[in-house]
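Read the structure below first, then the notes.
We name chains A, B, ... by the order of the sequence lines, and we start the count at 1 in each one.
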Protein chains: 2
Amino acid sequence: MLAAERREHLLDLLGRTGKIVAKDVAAELGISEDSVRRDLRDLATEGLCQRVYGGALPVSPAVVDYDARQAVAPDGKRKVAAVAAALVRPGGSVILDGGTTALAVARALPKNLACTVITHSPTIATALIDHPRADLFLLGGRVFKHSAVTCGAAAVEAAQNISADLCLLGVTGVHPEAGLTTGDVEEAAMKRALSARAADTYVLASSEKIGTASSYHVLPWAKITGLISDTDPHAPVVERLRALGVDVLIAA
Amino acid sequence: MLAAERREHLLDLLGRTGKIVAKDVAAELGISEDSVRRDLRDLATEGLCQRVYGGALPVSPAVVDYDARQAVAPDGKRKVAAVAAALVRPGGSVILDGGTTALAVARALPKNLACTVITHSPTIATALIDHPRADLFLLGGRVFKHSAVTCGAAAVEAAQNISADLCLLGVTGVHPEAGLTTGDVEEAAMKRALSARAADTYVLASSEKIGTASSYHVLPWAKITGLISDTDPHAPVVERLRALGVDVLIAA
DNA sequence: CCTGTTCTTGCACGATGTTGCATGTATCTT
DNA sequence: AAGATACATGCAACATCGTGCAAGAACAGG
């Protein structure tokens, strides 16, 4: 049995049964426990499993939970969020994407602002419950766990029935050639659907997103009204976007 | 069973049932009470539980900064929720209403249960994000602030496209003559729409709801499969409901 | 084809972690 | 106050871990 094959098997087993007992796997595959232990150690180093006495467990969901609940947004995100929140006019309507930056925007909205917020993120909806004058509309659909938003056919369909002045979109990558990108194909489609329902679309991109690209393309620059970021106002990427006619707002 | 796995189990149990009895867990898992005690001592040292004579309790809500766990449900609601959660079969589908009791049900669902949960409550959706095997479907619509659920025409329409084995409905009043009642007319309509999409409908009613009535009628007894409550099993109201053919489950 | 190098694997062994039991003590119940 | 229950501690038996080491496989270069 190939070493890579063995690791594959371990990850598969971990995914299916939720745990690995070194002794059992060694017996099952007819190899020494030492090899299994070595594999598990490597896997753990790569963050693919959590090593425990006697075997291994899946990466602790608590780690995932942690960033989702990270109460305080990093400084960059907060600055970006403040600028974005200021774009929401009293009486206006805004489509809010999911993600931590968008959540920061929701938190940055003045508590007594009378506006309409449309979102596909239950997290953001929950965060806005205590904004008494905000009209909240939630787009339903299948909930995608890893980003905590609704996606898929039902959600896209629901989006067809609404429209708004402004759409605030989070992405994971902003790259002059690759454009706006995100890590999931369904999410990318959902973002397109949201953006299409708003008069203006602004992209939220804290500095660490600038110049990077993920797997799935979201929108061409032509469909974007502006970009909000806390990156250097004279960065080459920024100048490039300005040349393309994108309204770049720098959060200081 | 791995030691780390055991600790996971303890934390899960603590989250779902609100308490741990060392003796019971030891018997259940087939290990010595000493091991359970040692685990609890360690968890307590890490601030993950509060050690008490005979077992452990969740850390006081003030210490926990996770917003989701902030409100520990009162005992009655938790008992009702535990019985309700047990009605959800692996592989089955359930429509979960909004409200604090339904939220308690969501928390009482075993973390690794593979099932489909349909809800119109963003709060409940958020609470179930970290149940890796639960398929989550969120019904969209206008969000009603005071109960934090989606209601109205769009939500009712969305409900028409789904169906499930079971519907767990929260109400604010259970009265032998007035029937099931709630405090908002839109919510009442939404509850009817939800109930109509499930094969069986059970009503969640912790004891303080029994015998009371609110302004808006939800459903006649005939449409209800059963009632789950922690009230006295021989209370006149209960006997009356049984006579009407309602399956009354008493949570002890 | 041969040789030296590198990598992998299984084994040995001392170190460390875990478990259940026994014992004496603390705490609860009646 | 007395009996019952739960607790912490020490201990012995056992399991698991990490490391060093040697044998063998894979491979590159001559």
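Phosphate proximity of C:dT19 to B:R6: present, with a side-chain N or O under 4.0 Å from OP1 or OP2. In terms of phosphate contacts, A:K23 brings a side-chain nitrogen or oxygen within less than 4.0 Å of OP1 or OP2 of D:dT16. A close approach under 4.0 Å does not occur between any side-chain nitrogen or oxygen of B:R51 and OP1 or OP2 of D:dA6.
Of the residues B:D39, B:L14, B:L10, the one that meets the side chain to side chain contact (heavy atoms under 4.5 Å, CB included) test with B:C49 is B:L14.
Between its two ends, the helix from C:dC1-D:dG30 to C:dT30-D:dA1 turns its axis by 40°, counting five pairs per end and rounding to 10 degrees.
One can place CG of B:L2 at 9 Å from P of D:dC17, the figure rounded to the nearest angstrom. Between the OH atom of A:Y53 and the C1' atom of D:dG18 there is a distance of 11 Å, rounded to whole Å.
Legend: residues meeting side-chain hydrogen bond (donor to acceptor under 3.5 Å, both in side chains) with B:D135, ordered by chain and number and at least two apart, are A:R142.
Where B:V21 and B:D34 each meet DNA chain D at their nearest nucleotide, the meeting point lying more 5' is that of B:V21.
More than 12 heavy atoms of other residues, nucleotides or ligands sit less than 6.0 Å from atom NZ of B:K145. B:R242 CZ: more than 12 foreign heavy atoms inside a 6.0 Å radius. Within a 6.0 Å sphere centred on CD of A:E208, heavy atoms belonging to other residues, nucleotides or ligands number more than 12.
Within residues 35-43 of chain A, the residues having any heavy atom under 4.0 Å from DNA chain D are, by residue number, A:R37, A:R41.
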